[in-house]
Amino acid sequence: MSITCKNLSHIYGEKTPFEYYALKNVNLDIQEGSFTAIIGQTGSGKSTFIQHINALLLPTDGQITIDKYTISSKEKPEKLKQLRKKSGLVFQFPEYQLFEETIEKDIIFGPMNFGTSEEEAKEIAKKVIKMVGLDETYLQKSPFDLSGGQKRRIAIAGILAMDPDILVLDEPTAGLDPQGIREMMDLFKSIHQLGKTVILVTHDMNHVLEYCNEVIVMNEGCVERKGKVKDVFKDSDYLLNLGIDLPLITNMIIVLNKKGFQLDTSINNIDDLVEALGGELYG
Ligand code: ADP
Ligand code: MG
């Protein structure tokens with residue numbers, strides 16, 4: 001399922017004194033099967049944009065096409081239900097949306113809402129709980145007895161239970177401890193490896209460098225740049241000017257290059273950096 005935006009704009013509070021252009025004429029494609037990062041300062045429009053990917057927000061102007069679903073300001077809601085099944089959105093702090101008394105009930109809610117039988121939905125729950133790294137015994141527990149990271153996994157399992165083709169994640173590691181962050185990122189990597197398109201809003205450029213292949217840079221409601229991670233990250237001055245931190249490795253390379261090395265700034269992992277350093281020192 002690919003995604004195409006044509007002149008997509010979103011205005012909050014249109015025709016009121018609070019009118020605000022949160023997205024301005026966004027044109028882009030997100031390829032099926034990509035692991036795409038969306039980066040940009042707070043307020044740049046990232047959350048507004050991704051809510052269009054499952055039609056939680058509708059365009060004020062222009063359109064967005066997700067597979068065979070084209071959505072414009074006039075789109076009728078009937079078709080949107082099908083789209084929401086295909087395009088799963090995980091909000092920031094999704095654990096706040098858990099509400100059932102058992103984890104199983106929480107997970108089967110979505111599939112049953114789409115007409116899956118209870119029996120079948122329970123089988124799906126067993127499958128997705130394992131996908132998120134928890135075992136079946138959790139299904140009968142209350143979601144409220146779990147740690148923050150585990151609750152978040154349950155919320156993600158609830159989305160995976162719908163078997164979406166696209167998984168959209170809004171700052172999914174915010175507030176987790178370092179181990180929880182790594183486990184969560186590895187979970188998304190494994191979901192991506194299942195062939196799903198993963199779209200990740202994040203402030204962590206190390207994650208972008210390590211996990212993503214494409215990146216979209218947003219600034220003041222516009223898509224400023226889009227491309228392969230290694231190409232966009234080559235222009236470190238550009239990112240710094242936008243107030244975006246550089247990945248740790250890129251920072252190290254810049255420091256080393258100031259000291260006389262001539263390392264390629266597109267190096268994205270420590271092994272390649274060590275090899276390149278070895279080449280310069282001893283090569
Ligand atoms: P980001 O996710 O990049 O931080 P958002 O998409 O949340 O940015 O917000 C973009 C801009 O739109 C911000 O200036 C924000 O204050 C504004 N905004 C977001 N949601 C609303 C809303 N529901 N009503 C009015 N303005 C909003
Ligand atoms: Mg946001």
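For ligands, and for the atoms within them, numbers begin at 1 and follow the listed sequence. Residues: numbered from 1 along the sequence shown.
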So, [X] and [Y]: side-chain donor and acceptor under 3.5 Å apart, yes or no?
X    : Y    : result
N213 : S34  : no
N219 : S44  : no
N7   : D61  : no
D204 : T202 : no

Could you tell me whether the Mg ion (ligand 2) has an N, O or S atom of S47 under 2.8 Å away?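 It does; at least one qualifying atom falls short of 2.8 Å.
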
Identify the heavy atoms of F91 and L56 that sit nearest to each other, and give their distance.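 It is CZ-CD2, 3.2 Å.
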
Over 60° means perpendicular and under 30° means parallel, so tell me whether F93 and Y96 are parallel, tilted or perpendicular.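 The rings of F93 and Y96 lie parallel, inter-plane angle below 30°.
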
List, ordered by chain and residue number, the protein residues whose closest non-hydrogen atom lies under 4.0 Å from any atom of ligand 1.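 Near ligand 1, by chain and number: Y12, Y20, A22, Q41, T42, G43, S44, G45, K46, S47, T48.
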
